[in-house]
Amino acid sequence: MKEKRTPRPEPMAEADGIIEGRNAVIEALRAGTPIDKIFIAKGETDAALGHIASTARGKSIVVVEADRRKLDAMSRTHAHQGVIAQAAVREYATVDDILNAAREKGEPPLIVVCDELSDPHNLGAVIRTAECAGAHGVIIPKRRSAGLTAIVAKTSAGAVSYVPVARVPNLTALLKELKEAGIWIFGTAADGSTTLYDADLKGPAAIVIGSEGNGMGRLVSEQCDFKVSIPMKGKLNSLNASAAAAILLYEAVRQRLG
């Protein structure tokens with residue numbers, strides 16, 4: 001007599017927001033589940049994976065080709081079938097949502113723009129500080145950046161529930177739009193010509209935080225009205241991205257309270 005086998009459960013989203021398997025990802029797309037990114041096995045020509053990729057792109061979801069080893073390392077079920085989605089913990093806001101939040105409070109906008117922060121712990125810490133400092137929102141790029149994943153939510157200590165986070169395809173174009181809206185752009189840079197305590201952060205301000213390794217990109221840097229340096233008294237010449245964000249945000253808080 002053959003032993004009766006229990007059907008293998010369909011891969012589901014784990015506590016860390018990972019959704020694995022073709023059917024599970026297709027159902028998540030169909031249900032409108034907020035998805036941050038979809039990783040698809042590189043070189044696959046399977047029709048089902050092609051359908052997932054085209055559906056995701058139609059919903060403006062970032063699709064990343066990844067080799068099998070990366071997918072295997074990400075997998076919790078070991079049955080990813082060539083596709084893994086990272087669920088977002090909440091829907092992304094729009095830039096207009098952020099500006100409206102400032103308008104409703106009767107305050108000059110205070111916005112944090114993250115230029116390709118790839119470490120989710122750093123992004124979570126920035127969002128947490130932004131919430132504590134009363135910033136009206138955080139803006140990140142669609143690509144080469146951590147998104148609103150479960151790790152970011154945990155590191156933010158729940159701040160993602162309160163701070164609008166917008167995601168845009170082009171940071172350079174975004175900064176031009178903010179400038180046209182009357183917002184001054186302050187970029188953090190070790191060689192900045194404006195020192196922290198000379199920066200006037202009382203008015204409408206967007207603070208740009210560069211990536212962990214390379215700082216601000218050239219095109220983003222060129223859009224800054226001011227490049228702000230933080231006084232360094234020790235032997236190291238740079239700060240963690242989230243620490244730099246905290247210092248500038250709380251200088252803005254100090255000036256606005258004064």
Side-chain angles (χ1 to χ4, degrees), residues 8-92 114-127 138-156 160 165-172 209-217 219-220 241-242:
R8 176 185 287 174
E10 186 66 48
M12 296 290 287
E14 299 285 336
D16 57 4
I18 296 293
I19 303 170
E20 303 184 41
R22 300 177 186 189
N23 288 342
V25 173
I26 288 169
E27 285 304 318
L29 288 168
R30 186 176 294 142
T33 302
I35 293 176
D36 191 66
K37 286 178 186 170
I38 293 181
F39 296 86
I40 289 182
K42 189 180 293 182
E44 283 282 357
T45 56
D46 182 276
L49 293 181
H51 170 68
I52 289 171
S54 61
T55 302
R57 290 189 179 107
K59 294 175 177 286
S60 297
I61 295 168
V62 175
V63 177
V64 179
E65 285 195 345
D67 61 40
R68 285 270 175 180
R69 285 176 299 176
K70 176 166 184 173
L71 291 175
D72 291 343
M74 292 174 66
S75 178
R76 304 291 182 269
T77 65
H78 306 295
H80 56 70
Q81 302 171 319
V83 59
I84 294 177
Q86 278 187 329
V89 293
R90 62 170 291 185
E91 294 278 1
Y92 287 95
C114 298
D115 184 9
E116 298 184 8
L117 285 193
S118 58
D119 184 338
H121 298 91
N122 259 344
L123 180 58
V126 168
I127 294 171
V138 174
I139 300 173
I140 62 175
K142 268 194 173 183
R143 295 189 176 274
R144 295 181 294 277
S145 172
L148 288 182
T149 61
I151 295 173
V152 170
K154 184 175 181 180
T155 310
S156 80
V160 292
V165 178
R167 191 160 68 160
V168 299
N170 188 313
L171 279 187
T172 304
I209 305 298
S211 66
E212 295 92 346
N214 302 316
M216 292 185 294
L219 295 177
V220 168
S242 60

So, do [X] and [Y] sit near enough that their side-chain heavy atoms are less than 4.5 Å apart?
X      : Y      : value
Leu71  : Phe39  : yes
Ile84  : Ser75  : yes
Gln81  : Glu20  : no
Asp36  : Val62  : no
Cys114 : Val138 : yes
Val152 : Ile127 : yes
Arg57  : Ile61  : no
Leu29  : Ile38  : yes

What I want to check is whether the side chains of Thr149 and Gln86 have a donor and an acceptor closer together than 3.5 Å.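 There is no such pair between these side chains.
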Keeping the roles fixed (side chain from [X], backbone from [Y]), state whether a donor-acceptor pair exists under 3.5 Å.
X      : Y      : value
Ser145 : Lys142 : no
Arg167 : Val165 : no
Tyr92  : Leu148 : yes

Got a second to check how far [X]'s [atom1] is from [Y]'s [atom2], nearest 0.5 Å?
X      : Y      : atom1 : atom2 : value
Thr33  : Ile19  : OG1   : CD1   : 5.5 Å
Leu171 : Ile139 : CG    : CD1   : 8.0 Å
Leu219 : Asn170 : CG    : CG    : 8.5 Å
Ile26  : Leu49  : CD1   : CG    : 8.5 Å

Kindly give the heavy-atom pair with the smallest separation between [X] and [Y], and that separation in Å.
X      : Y      : answer
Ala150 : Gly17  : CB-N, 4.3 Å
Leu123 : Ala146 : CD2-O, 3.4 Å
Ile140 : Gly147 : CD1-CA, 4.2 Å

Task: Trace of the side-chain contact (heavy atoms from CB on, under 4.5 Å) decision for Asp115 with Ser211 - done: CA-CA 6 Å; Asp115 184 9; Ser211 66; 5.8 Å; no
Name all residues meeting the salt bridge (Lys or Arg N to Asp or Glu O under 4.0 Å) criterion together with [X]; count only those two or more places apart in sequence or in a different chain, and write none if there are none.
X      : result
Asp46  : Arg22
Glu91  : none
Arg144 : Glu116

Query - Which residues share a side chain to side chain contact (heavy atoms under 4.5 Å, CB included) with Asp119, sequence neighbours left out - result: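 Partners of Asp119 by the side chain to side chain contact (heavy atoms under 4.5 Å, CB included) criterion, ordered by chain and then number, come out as His121, Asn122, Glu212.
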#### Entry: Residues in side chain to side chain contact (heavy atoms under 4.5 Å, CB included) contact with Ala153, at least two apart in sequence or another chain
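With sequence neighbours excluded, Ala153 shows a side chain to side chain contact (heavy atoms under 4.5 Å, CB included) to Val89, Val160, given in chain and number order.
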For Ile40 and Val64: C-alpha separation, side-chain torsions, deciding distance, then whether side-chain contact (heavy atoms from CB on, under 4.5 Å) applies.
CA-CA 6 Å; Ile40 289 182; Val64 179; over 6 Å; no
Assess whether side chain to side chain donor-acceptor pair (under 3.5 Å) is satisfied between His80 and Asp72, documenting all intermediate values.
-> CA-CA 8 Å; His80 56 70; Asp72 291 343; 2.7 Å; yes
Test: side chain to side chain donor-acceptor pair (under 3.5 Å). Region: residues 59-70. Which pairs qualify, not counting sequence neighbours?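 Every pair satisfying side chain to side chain donor-acceptor pair (under 3.5 Å) with a residue in residues 59-70: Glu44-Arg68.
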